[in-house]
Amino acid sequence: MSTGRRWRSDTFLFLASAAVLLGSTAALFAWLTFSPFPKPLLPSSVGCRPDGEGSWSVGLFYGSSPLSLQPIESWNVWSNGTAAWPVANPVVTCASASDAGFPSNFVADPFLFIQGDVLYLFFETKNPITLQGDIGVAVSNDKGATWHHLGIVLDEEWHLSYPYVFSYQDQIYMMPEGSKKGDLRLYRAVEFPLRWQLEMVILRKPLVDSFIINHRSHFWLFGSDFSAPGAKKNGELEIWHSSSPLGPWSPHQQNPVHNMDKSLGARNAGRPFTYDGELYRPGQDCGDTYGRRVRLFKVKVLTKDEYEEVEVPLGIDEPRKGRNAWNGARYHHLDVQQLTTDQWVAVMDGDRVPSGDAVRRLVIGYASFGAAIALVMLSGVLLSAIKCNLRLSRCLPLSTRRSGLIGAQRHHPQLHHSKLGWLFSHLSKMTSHFGSGGIRPNTCTGRSVLSLFFLAVVTLTCVGTYYVYGGNGAEEAYQLKGHYSQFTLLTMTYDARLWNLKTYVKHYSRCASVREILVVWNRGQPPNVSEFDSTVPVRIRVEKRNSLNNRFNVDPSIQTLAVLELDDDIIMPCDDVERGFKVWRDHPESIVGFYPRLAEGRPLRYRDEKYARRRRGYNMILTGAAFMDHKVAFGRYWSQEARIGRKIVDEYFNCEDVLMNFLYANASSSRKTVEYVKASWAVDTSKFSGVAISRNTQAHYEVRSDCLAKFTEVYGDLAASKWRFGSRKDGWDV
């Protein structure tokens with residue numbers, strides 16, 4: 001074989017091996033870290049696409065004061081039709097808009113217009129096709145718990161946002177931001193809420209996020225003009241005044257009244273409001289990222305010549321669940337208004353990722369892939385598997401001579417001004433230091449260098465895979481028919497398992513739909529709740545005696561209908577928990593869990609998941625990791641019918657979950673009472689702490705088989721039904 005053919009063969013073999021390495025590394029990393037279960041698709045797959053501006057949605061808040069607001073889930077608003085017990089934020093999303101036939105990448109800048117008991121919500125919606133902001137509207141007849149999307153009310157040739165809606169002299173007006181057009185326009189409702197027509201151009205200035213307010217019998221227009229000379233972006237604020245919202249408008253003597261750091265709240269963040277005779281203005285903190293949070297200011301002086309405001313507490317708790325929360329990264333708009341009662345209602349938008357997150361992830365990901373490929377190519381050159389005619393400078397028109405540079409500029413002008421030439425020039429010099437033999441893999445130095453290259457390539461490939469294909473890193477809740485909800489996490493433990501419990505609380509409190517963690521303390525001195533690193537309330541219920549029946553004690557203090565009974569030594573991803581909650585909301589009459597079992601044979605024998613899969617079915621779900629309706633489940637468990645079963649549980653100190661399965665099956669012989677959800681992975685932390693309860697698996701299963709025999713005598717045959725794996729359409733029960 002000729003030297004040229006051998007060189008090409010070596011080069012091909014090296015590049016093919018490198019491609020296999022990179023592909024295998026990416027595939028293995030994805031298999032180990034990404035959920036294998038697809039998220040449910042929207043009926044309209046056009047909306048909710050990754051967007052560099054974010055993934056904004058809208059939440060609802062109530063309060064007895066505009067300075068003290070709580071999210072809708074804190075008010076226990078229930079919706080039976082959507083299995084939302086309670087309804088949780090966000091209440092309007094790109095998914096709900098897209099499901100209604102109005103595709104959207106995100107919804108933001110919400111403004112309310114209230115007519116009696118009917119709430120209208122106007123908002124910016126990002127069109128996924130034109131990538132332009134339009135103005136949409138939704139309506140609620142139940143104080144904001146449920147929203148029906150009515151359509152797009154304004155769609156201009158330029159970007160629209162911030163649809164400030166107000167009434168004046170029996171007319172309804174909207175003043176959206178359209179700064180791309182270069183002016184500020186006022187629209188009037190012709191047929192409210194869907195038809196609007198241009199009424200007038202208020203100002204020939206590209207004002208951003210503007211509002212008009214009637215304060216002390218005079219009208220004031222607040223807005224920002226970032227195109228003005230010397231104006232600081234997101235840090236400038238101007239005021240204009242008039243005797244009518246239709247103008248003419250005169251500038252404030254101190255304009256701009258603010259021109260300061262973008263984190264200090266100069267840019268407007270929604271509708272101002274009056275409370276106890278004081279005027280309040282919400283402003284945006286754009287310090288760390290655009291729209292980081294809302295700051296609230298009390299206006300102390302507002303005249304034609306002076307303006308003064310002072311910051312006051314916002315009155316809304318900061319989100320603590322990071323990207324798992326719908327507003328975990330930022331919230332930048334607030335509209336709070338008083339209802340017909342003494343109650344106040346507010347809408348606020350939020351985003352789980354900072355501005356530009358999608359673009360940033362792609363840049364980091366592809367840069368990592370590029371660096372990995374560059375290292376592979378460099379290692380090939382150093383190993384002499386890739387040759388460039390003796391020197392890299394021969395591959396490209398590089399030369400240290402002036403004449404060479406002139407020639408390179410003539411034939412490759414773009415290279416002369418790029419960093420690529422500099423890179424290859426220095427790379428050529430670097431490879432010359434290794435001599436003609438390059439790296440020798442049979443030496444200690446050669447093996448060390450190649451090992452470092454290998455680790456760097458693998459690391460960069462994993463980083464690239466994570467950022468390009470791993471999504472935004474959030475383990476989001478799943479909506480059902482436009483609603484989100486929450487559940488209570490319940491675990492039973494004792495003093496020897498405190499380490500497990502602390503790990504458990506820290507992990508699961510960050511899951512999006514967890515409302516509260518209830519710890520059933522069975523034995524020993526209970527800890528103080530301050531010992532836990534938790535983003536949700538932790539409540540410890542100390543029991544009088546050590547009994548497994550305590551797990552299902554009726555507890556009126558539980559504020560959600562759904563309870564996830566989850567042993568304190570099980571750690572699984574929040575996404576798995578959220579998928580389980582979604583399946584329970586689809587089947588609230590069932591026990592929905594992650595560990596299937598099969599009771600089969602004569603007499604009945606207790607079988608594990610492997611056996612159940614060989615037999616292609618299950619008829620029990622372990623309640624150590626299962627969702628259930630606590631009112632139904634706990635009520636059944638403490639009924640007179642279950643008295644004999646509870647005695648058996650105390651006798652064996654086992655089988656409380658088996659009894660619950662019998663009670664569900666006995667209550668309904670005609671329908672499926674258990675639903676399985678496959679977890680991506682789960683870790684048993686008791687193996688690390690040495691406090692596992694069931695160490696002898698065989699003996700444990702024998703006890704459970706005895707329980708099956710006794711329960712069968714009282715409650716009937718559990719083996720009469722067997723449910724097939726993979727029978728649901730969601731694909732999560734395979």
Side-chain angles (χ1 to χ4, degrees), residues 47-48 51-62 66 69-73 88-98 102 104-113 119-127 133-138 140 144 147 149 159-165 176-177 208-211 234 265 267-273 281-286 288-296 314-319 321 323 325-337 345-357 472 474 476-477 479 482 484 512:
C48 295
D51 196 294
E53 290 190 72
S55 56
W56 296 94
S57 53
V58 177
L60 191 80
F61 297 78
Y62 296 118
L69 298 167
Q70 297 294 325
I72 187 173
E73 53 264 29
N89 279 328
V91 294
V92 177
T93 65
C94 65
S96 61
S98 299
F102 309 102
S104 172
N105 277 0
F106 64 76
V107 293
D109 292 356
F111 280 104
L112 289 170
F113 191 85
L119 305 184
Y120 292 93
L121 182 71
F122 294 87
F123 52 89
E124 174 195 351
T125 174
K126 179 75 171 286
N127 187 305
D134 302 323
I135 304 303
V137 64
S140 175
W147 294 91
H149 290 262
H159 175 84
L160 295 174
S161 61
Y162 208 84
Y164 182 72
V165 184
E177 182 211 316
V208 172
D209 294 354
S210 304
F211 63 73
N234 297 323
R267 182 170 180 167
N268 289 326
R271 186 189 303 271
F273 61 89
R281 182 188 73 88
Q284 287 189 48
D285 175 352
C286 296
D288 299 329
T289 182
Y290 168 70
R292 170 61 189 88
R293 66 187 181 100
V294 175
R295 304 177 71 164
L296 189 62
L314 179 61
I316 296 179
D317 293 336
E318 282 277 341
K321 295 188 179 185
R323 293 195 176 204
W326 66 277
N327 57 348
R330 50 185 179 155
Y331 52 95
H332 83 328
H333 185 102
L334 173 71
D335 183 8
V336 55
Q337 297 188 43
V345 62
V347 286
M348 174 183 281
D349 61 9
D351 194 358
R352 64 180 73 253
V353 296
S355 178
D357 181 75
N472 58 22
E476 304 176 30
Q479 70 168 1
Y484 292 89

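Since this is a predicted model, take the numbers as computed values, not measurements. Both backbone and side-chain heavy atoms feed into the values below; hydrogens, waters and symmetry mates do not.
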Donor-acceptor pair, distance only, cut-off 3.5 Å: does the side chain of Ser98 make one with the backbone of Ser104?
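Answer holds: yes.
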
Asp349 (side chain) donor-acceptor with His333 (main chain) under 3.5 angstrom
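Checking the backbone N and O of His333 against the side chain of Asp349, a donor-acceptor pair under 3.5 Å is found.
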
Would you indicate whether the side-chain heavy atoms of [Y] and [X] approach each other to under 4.5 Å?
{"X": "Val165", "Y": "Tyr120", "value": "no"}
{"X": "Asp109", "Y": "Pro163", "value": "yes"}
{"X": "Val345", "Y": "Val336", "value": "no"}
{"X": "Trp147", "Y": "Leu119", "value": "yes"}
{"X": "Tyr484", "Y": "Asn89", "value": "no"}
{"X": "Pro90", "Y": "Val58", "value": "no"}
{"X": "Leu334", "Y": "Leu314", "value": "yes"}
{"X": "Asp209", "Y": "Gln284", "value": "yes"}

Polar contact flag, side-chain donor to acceptor under 3.5 angstrom, Thr125-Asp134:
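Looking only at side-chain atoms, Asp134 and Thr125 do not form any donor-acceptor pair under 3.5 Å.
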
Roughly how far, to the nearest 0.5 Å, is the [atom2] atom of [Y] from the [atom1] atom of [X]?
{"X": "Leu160", "Y": "Ile135", "atom1": "CG", "atom2": "CD1", "result": "5.0 Å"}
{"X": "Trp56", "Y": "Asn105", "atom1": "CH2", "atom2": "CG", "result": "14.5 Å"}
{"X": "Phe111", "Y": "Tyr162", "atom1": "CZ", "atom2": "OH", "result": "4.0 Å"}
{"X": "Met348", "Y": "Ile316", "atom1": "CE", "atom2": "CD1", "result": "3.5 Å"}
{"X": "Tyr331", "Y": "Arg352", "atom1": "OH", "atom2": "CZ", "result": "16.0 Å"}
{"X": "Tyr164", "Y": "Asn268", "atom1": "OH", "atom2": "CG", "result": "10.0 Å"}

Which heavy atom of [X] sits nearest to which heavy atom of [Y], and what is that distance?
{"X": "Val353", "Y": "Asp351", "value": "O-OD2, 3.1 Å"}
{"X": "Thr93", "Y": "Ser57", "value": "CG2-CB, 3.8 Å"}
{"X": "Pro282", "Y": "Val294", "value": "CB-CG1, 4.0 Å"}
{"X": "Cys286", "Y": "Gly291", "value": "SG-N, 3.5 Å"}
{"X": "Phe102", "Y": "His149", "value": "CE1-O, 3.8 Å"}
{"X": "Phe123", "Y": "Ala138", "value": "CE2-N, 3.9 Å"}

Worked check of side-chain contact (heavy atoms from CB on, under 4.5 Å) between Ser140 and Leu121:
CA-CA 8 Å; Ser140 175; Leu121 182 71; over 6 Å; no

Apply side-chain contact (heavy atoms from CB on, under 4.5 Å) to His332 and Arg267, showing your working.
CA-CA 10 Å; His332 83 328; Arg267 182 170 180 167; over 6 Å; no

Apply side-chain contact (heavy atoms from CB on, under 4.5 Å) to residues Phe273 and Leu296 and explain how you reach the verdict.
CA-CA 11 Å; Phe273 61 89; Leu296 189 62; 3.9 Å; yes

Check step by step if side-chain contact (heavy atoms from CB on, under 4.5 Å) holds for Arg323 and Asn472.
CA-CA 8 Å; Arg323 293 195 176 204; Asn472 58 22; 4.0 Å; yes

Which residues satisfy the side chain to side chain contact (heavy atoms under 4.5 Å, CB included) test with Thr289, sequence neighbours excluded?
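Per chain and number, Thr289 pairs via side chain to side chain contact (heavy atoms under 4.5 Å, CB included) with Arg292, Arg330, Pro354, Ser355.
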
